[in-house]
S.K.: 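This structure is in structure tokens; I'll ask about it shortly.
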Amino acid sequence: MNFRIALILGTLAVSSPAQQEMVKTEIVTLAIDEPVTNLYFKNEQETSSFQANLTGLSEPLAYKGPQRLILRASEAEFAAEPPLPPPAAAVDLPLKSDKVLLVCVKSKDKPLQLIPYDIASGKGAAGDYRFFNFSHSTLSLIFGSKKFVIKPGSNLLVTDSSWKSEVMEMDVEMAIIKDGKPKRVYSSAWGHRPGRRNYVFMFDGPQTYKPIKICRFFDVPSIVKPPAS
């Protein structure tokens with residue numbers, strides 16, 4: 001998991017405390033490998049509970065505070081006198097985003113890692129799919145009428161106008177690119193609903209005959225009504 005995290009986190013700039021800006025957003029969480037519980041963060045003047053589950057995206061949590069979100073092991077730490085113990089985890093949230101997905105990676109005795117993705121209303125709409133490649137492999141996909149490649153540690157938004165209005169089945173084929181040649185590792189048909197915004201996570205599989213593990217989740221983006229005339 002460290003390899004994949006390094007690839008993604010290497011693209012994220014970390015702000016110094018002097019550069020911190022205030023953020024107002026909604027946070028949704030998703031846990032990878034192990035669920036995350038019993039952690040806390042400062043939300044305006046209150047202390048809020050933080051958790052992430054393996055089974056799907058959390059309910060949106062309104063957040064207002066510094067760009068750097070700091071998680072601690074207890075509420076008491078926020079009121080303690082310095083020097084404080086190291087935080088359980090910390091991450092710089094995207095600026096000017098009305099919704100952030102925090103992928104929480106925790107396995108065995110390794111420190112918790114938080115990987116932020118800007119999933120603002122202008123970056124993916126109902127009917128769209130965002131693919132996240134957490135595997136070590138370059139993946140080639142045929143997805144409905146679309147064909148694309150996703151390198152390790154990257155993510156890609158895929159959209160089509162017909163996906164926003166029609167209920168359908170989507171043919172899906174996936175191949176690993178090895179030595180410049182594709183090797184098919186997955187083939188299926190996915191049910192599609194136009195009201196959903198979809199997230200597809202791909203990981204190294206548990207067996208050689210199943211080299212890629214796929215996890216699918218969705219949310220229902222809010223509809224922004226036009227201002228009254």
Side-chain angles (χ1 to χ4, degrees), residues 1-120 123 130 132-136 152-155 199 201-204 213 215 217 219:
M1 186 63 73
N2 284 347
F3 169 79
R4 297 192 291 276
I5 294 170
L7 283 171
I8 299 175
L9 294 182
T11 65
L12 300 175
V14 179
S15 305
S16 68
Q19 296 172 318
Q20 287 293 291
E21 296 187 36
M22 297 299 289
V23 169
K24 185 178 180 181
T25 188
E26 285 189 336
I27 295 174
V28 294
T29 63
L30 175 68
I32 303 298
D33 290 336
E34 293 183 10
V36 177
T37 58
N38 300 322
L39 294 179
Y40 303 88
F41 66 99
K42 205 70 175 177
N43 196 355
E44 294 191 272
Q45 301 303 314
E46 298 182 353
T47 303
S48 297
S49 175
F50 183 94
Q51 66 178 28
N53 297 315
L54 296 167
T55 53
L57 301 179
S58 69
E59 290 294 324
L61 176 65
Y63 171 75
K64 184 176 181 181
Q67 181 188 8
R68 180 164 298 169
L69 178 71
I70 295 175
L71 302 184
R72 294 197 170 276
S74 71
E75 296 183 72
E77 286 187 17
F78 289 98
E81 295 292 332
L84 297 176
V91 66
D92 286 352
L93 300 174
L95 295 173
K96 299 178 181 178
S97 172
D98 61 14
K99 197 169 190 179
V100 176
L101 167 62
L102 280 184
V103 176
C104 305
V105 184
K106 187 178 186 301
S107 57
K108 298 181 180 179
D109 57 348
K110 297 177 182 178
L112 172 63
Q113 300 281 344
L114 304 177
I115 307 174
Y117 294 98
D118 182 356
I119 57 170
K123 296 187 176 182
R130 186 174 291 276
F132 300 83
N133 186 1
F134 281 84
S135 80
H136 287 84
S154 64
N155 69 91
Y199 306 94
F201 296 85
M202 298 165 293
F203 309 93
D204 291 325
K213 174 185 174 184
C215 297
F217 305 101
D219 66 4

S.K.: Return the set of residues passing side-chain hydrogen bond (donor to acceptor under 3.5 Å, both in side chains) with T25 (not counting sequence neighbours), or none when no residue passes.
M.R.: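 T25 satisfies side-chain hydrogen bond (donor to acceptor under 3.5 Å, both in side chains) with no other residue.
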
S.K.: Dump the intermediate steps for side chain to side chain contact (heavy atoms under 4.5 Å, CB included) on L61 and Y63, then the final yes or no.
M.R.: CA-CA 6 Å; L61 176 65; Y63 171 75; 5.7 Å; no

S.K.: Side chain to side chain contact (heavy atoms under 4.5 Å, CB included) with E34: which residues, sequence neighbours excluded?
M.R.: K106

S.K.: With rounding to the nearest 0.5 angstrom, report the CG to OG distance, L39 to S49.
M.R.: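 OG of S49 is found 8.0 Å from CG of L39.
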
S.K.: Looking at K42, I'd like to know if its NZ atom is crowded, meaning that more than 12 non-hydrogen atoms belonging to other residues, nucleotides or ligands lie closer than 6.0 Å.
M.R.: yes

S.K.: Are side-chain N/O atoms of N53 and T55 paired as donor and acceptor at under 3.5 Å?
M.R.: no

S.K.: Tell me the salt bridge (Lys or Arg N to Asp or Glu O under 4.0 Å) pairs involving residues 72-86, sequence neighbours left out?
M.R.: R72-E77

S.K.: Testing the basics here: between T37 and Q51, what is the closest heavy-atom pair and its distance to 0.1 Å?
M.R.: CA-CB, 4.4 Å

S.K.: Considering all heavy atoms of both residues, which atom of S97 and which atom of I119 are nearest to each other, and what is their separation?
M.R.: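 Residues S97 and I119, closest heavy atoms: OG-N, 4.4 Å.
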
S.K.: Can you tell me how far CZ of F203 sits from SG of C215, rounded to the nearest 0.5 angstrom?
M.R.: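 Between atom SG of C215 and atom CZ of F203 there are 5.0 Å.
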
S.K.: What's the verdict on side chain to side chain contact (heavy atoms under 4.5 Å, CB included) for L30 and C104, showing C-alpha distance, side-chain angles and the deciding distance?
M.R.: CA-CA 6 Å; L30 175 68; C104 305; over 6 Å; no

S.K.: For side chain to side chain contact (heavy atoms under 4.5 Å, CB included), just list the numbers for L114 and L71, CA-CA rounded to whole Å, side-chain angles, deciding distance to a tenth of an Å, and then say yes or no.
M.R.: CA-CA 10 Å; L114 304 177; L71 302 184; 3.8 Å; yes

S.K.: Under the rule for side chain to side chain contact (heavy atoms under 4.5 Å, CB included), what residues qualify as partners of P35, not counting sequence neighbours?
M.R.: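 Testing P35 for side chain to side chain contact (heavy atoms under 4.5 Å, CB included), a comparison that skips the adjacent residues, returns L54.
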
S.K.: Once you round to the nearest 0.5 Å, how far does CZ of F41 lie from CD of E46?
M.R.: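 Spacing of CZ (F41) from CD (E46) equals 10.5 Å.
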
S.K.: Using the rule side chain to side chain contact (heavy atoms under 4.5 Å, CB included), only one of D219, L102, L101 pairs with V28; which is it?
M.R.: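 Testing each of D219, L102, L101 against V28, the sole residue satisfying side chain to side chain contact (heavy atoms under 4.5 Å, CB included) is L101.
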
S.K.: Partners of N155 by side chain to side chain contact (heavy atoms under 4.5 Å, CB included), sequence neighbours excluded?
M.R.: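 Side chain to side chain contact (heavy atoms under 4.5 Å, CB included) check on N155 returns Y117, R130, F132.
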
S.K.: Rounded at 0.5 Å granularity, tell me how far CZ in F50 sits from CG in L69.
M.R.: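 The CG atom of L69 is 6.5 Å from CZ of F50, to the nearest 0.5 Å.
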
S.K.: Is it the case that the side chain of N38 and the backbone of A73 share a donor-acceptor pair, with hydrogens and angles ignored and the cut-off at 3.5 Å?
M.R.: no

S.K.: Who pairs with L95 by side chain to side chain contact (heavy atoms under 4.5 Å, CB included), at least two apart in sequence or on another chain?
M.R.: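 Only E21, V23, Q67 meet the side chain to side chain contact (heavy atoms under 4.5 Å, CB included) criterion with L95.
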
S.K.: To the closest 0.5 Å, what do you measure between CD (E26) and CD (E59)?
M.R.: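 One finds 10.0 Å between CD of E26 and CD of E59.
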
S.K.: Kindly indicate, with the supporting measurements, whether the criterion side chain to side chain contact (heavy atoms under 4.5 Å, CB included) is fulfilled by V100 and D118.
M.R.: CA-CA 5 Å; V100 176; D118 182 356; 5.6 Å; no

